[in-house]
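Okay, so here's the structure we're looking at.
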2 protein chains.
Amino acid sequence: MTIKAAIIEKHYRIGEFAAKTGLSGPTLRYYEKEGLVKPHRSDNGLRYYTDADADWIKFLLHLKGTGMTIEQLKQYVTWRAEGDATITKRLQLLKNVRRGFLQEFEELQHSMTILTDKIDWYQGKVDGHISDNEDFANYLASLNHEE
Amino acid sequence: MTIKAAIIEKHYRIGEFAAKTGLSGPTLRYYEKEGLVKPHRSDNGLRYYTDADADWIKFLLHLKGTGMTIEQLKQYVTWRAEGDATITKRLQLLKNVRRGFLQEFEELQHSMTILTDKIDWYQGKVDGHISDNEDFANYLASLNHEE
DNA sequence: ACATTAGTTAAAGCCGACTTTAACTCATAG
DNA sequence: CTATGAGTTAAAGTCGGCTTTAACTAATGT
């Protein structure tokens, strides 16, 4: 006797799916118009999305979070639709994205250092253990921090 | 005999200053209109900037780099112009900025992890040590990485 | 003296990424 | 059967952060 699991794929209509993904309905329609996501349609013509679509949106948002624009995402999606022949292209694109992101990341870390230094400097002024005439440039220099 | 160093403060006109700061001339004028920077004027009416202005711009760009908007920067500048009475306000503002930035930073790190996992997964497919039917969700699960 | 390059202003334009509007249809509880 | 809430479309609007344009004046090299 064969056991056959009847896995019923859950259908999410746009409102529920919007809540699930954190995007708005209009944003989902916008992404669809840009070709980033392809929801399905039930017989009555209403969109529905699945858990697989949710996974895809999550991944998409991570890529977006690394600084990819909608245009770049479209390119990725286009290649994805073309199948395995474009895997190296996609790999190369993602590597380029990572390179840019790492660079940006270092700048963010530097800005973070400067921000923290400034906070410490203000705190020192408030607490009175940095003298009134010590300016921020000197303070940075004393920490060997640039800019 | 008193030695008096005649320190001549270098004046940068907008073009030179733009090159120095990496901003464009129009952007410098825009920042001025928004009250973020106050260049000086020579007798002929032309703007000039100093090294102190450059330091200020650099700091401003770091704040901007942490996600502060022009409006928030304006608030900071306004308080700065009001003098020491607003130091605690500025300190509080910068601490809030840091809190938001740290949060954003963690999300960026997570996106980075997912991006790298995807790159490794593609690389595995290309190199043939990840089987054709291993999907990315499984691969993430195997790494104990979420989403 | 004059051509070229740099600076001046106010106002309009642009771009990406959505959001809002308008005018409509569909779904469903009472 | 009808009120209400959700979904449909295409098109226009918004917003932040500049950039471009237009019409002009100032500075500088030959």
Side-chain angles (χ1 to χ4, degrees), chain A residues 10-50 53 57-77 97 100-101 104 107-108 111, chain B residues 10-50 53 57-77 97 100-101 104 107-108 111:
Chain A
K10 163 127 211 219
H11 288 190
Y12 302 89
R13 294 198 338 207
I14 197 166
E16 195 183 358
F17 194 71
K20 188 178 168 70
T21 57
L23 297 173
S24 71
T27 299
L28 284 167
R29 293 190 189 98
Y30 166 67
Y31 281 3
E32 178 179 355
K33 199 176 49 156
E34 295 302 317
L36 300 187
V37 59
K38 291 198 203 357
H40 322 273
R41 297 282 176 156
S42 27
D43 294 347
N44 54 32
L46 300 190
R47 286 174 184 81
Y48 70 85
Y49 301 81
T50 67
D53 293 322
I57 290 283
K58 282 176 195 160
F59 177 59
L60 203 74
L61 293 178
H62 281 304
L63 289 185
K64 204 166 152 303
T66 64
M68 281 179 81
T69 63
I70 303 288
E71 282 308 306
Q72 288 178 300
L73 292 170
K74 272 162 96 162
Q75 174 65 91
Y76 181 81
V77 170
V97 167
F101 188 49
E104 174 65 17
E107 286 166 24
L108 290 175
S111 288
Chain B
K10 163 126 211 217
H11 289 190
Y12 301 89
R13 296 200 334 210
I14 197 167
E16 194 183 1
F17 193 71
K20 188 179 170 67
T21 57
L23 298 173
S24 71
T27 298
L28 284 167
R29 293 190 189 97
Y30 166 66
Y31 281 3
E32 178 180 354
K33 198 175 51 155
E34 295 302 316
L36 301 186
V37 60
K38 292 201 202 354
H40 322 272
R41 298 281 178 157
S42 27
D43 295 346
N44 54 32
L46 299 190
R47 286 173 183 80
Y48 71 86
Y49 301 80
T50 68
D53 294 321
I57 290 283
K58 281 176 197 162
F59 177 60
L60 203 73
L61 292 179
H62 281 303
L63 290 185
K64 204 165 152 304
T66 64
M68 283 179 79
T69 63
I70 303 288
E71 282 308 306
Q72 288 178 300
L73 291 170
K74 271 162 98 161
Q75 174 64 90
Y76 181 82
V77 169
V97 167
F101 188 49
E104 173 66 16
E107 287 165 22
L108 289 175
S111 289

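Naming convention: chains lettered A, B, ... in sequence-line order (proteins, then strands); numbering from 1 in each chain.
Along DNA chain D, the nucleotide nearest to M68(B) and the one nearest to G15(A) differ in position, and the one closer to the 5' end is contacted by G15(A). Along DNA chain D, the nucleotide nearest to L46(A) and the one nearest to I70(B) differ in position, and the one closer to the 5' end is contacted by L46(A).
In this structure, E107(A) contributes its side chain and E104(A) its backbone to no donor-acceptor pair below 3.5 Å.
For the pair R41(A) CZ and dT9(D) C1', the computed distance is 10 Å after rounding to whole Å. Remark: C1' of dG17(D) and CG of L63(B) are 17 Å apart, rounded to the nearest angstrom. To the nearest angstrom, C1' of dT25(C) lies 14 Å from CZ of R47(A). When rounded to the nearest whole Å, the span between CG of N44(A) and C1' of dT8(D) equals 11 Å. Here dT8(C) presents its P atom at 5 Å from CD1 of I14(B), a figure rounded to the nearest Å. D43(A) has its CG atom 14 Å from the P atom of dC26(C), to the nearest Å. For Y12(A) and dA6(D), the OH to P distance is 18 Å, given to the nearest whole Å. In this structure, K74(A) places its NZ atom 13 Å from P of dC18(C), rounding to the nearest Å.
Near-neighbour residues of DNA chain C inside residues 17-34 of chain A, defined by a heavy atom below 4.0 Å, number-ordered: S24(A), P26(A), T27(A), Y30(A), Y31(A).
Note that CZ of R47(A) is 12.0 Å distant from NE2 of H40(A), once rounded to the nearest 0.5 Å. Taken from CE in M68(A) to OH in Y76(A), the straight-line distance is 8.0 Å, to the nearest 0.5 Å.
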Evaluation steps, side-chain contact (heavy atoms from CB on, under 4.5 Å), between K74(A) and L36(A): CA-CA 6 Å; K74(A) 272 162 96 162; L36(A) 300 187; 3.9 Å; yes
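Of all heavy-atom pairs between L23(B) and T27(B), the closest is CD2-CG2, 4.2 Å.
Using cut-offs of 30° and 60° for the angle between ring planes, the Y12(A) and F17(A) rings count as tilted.
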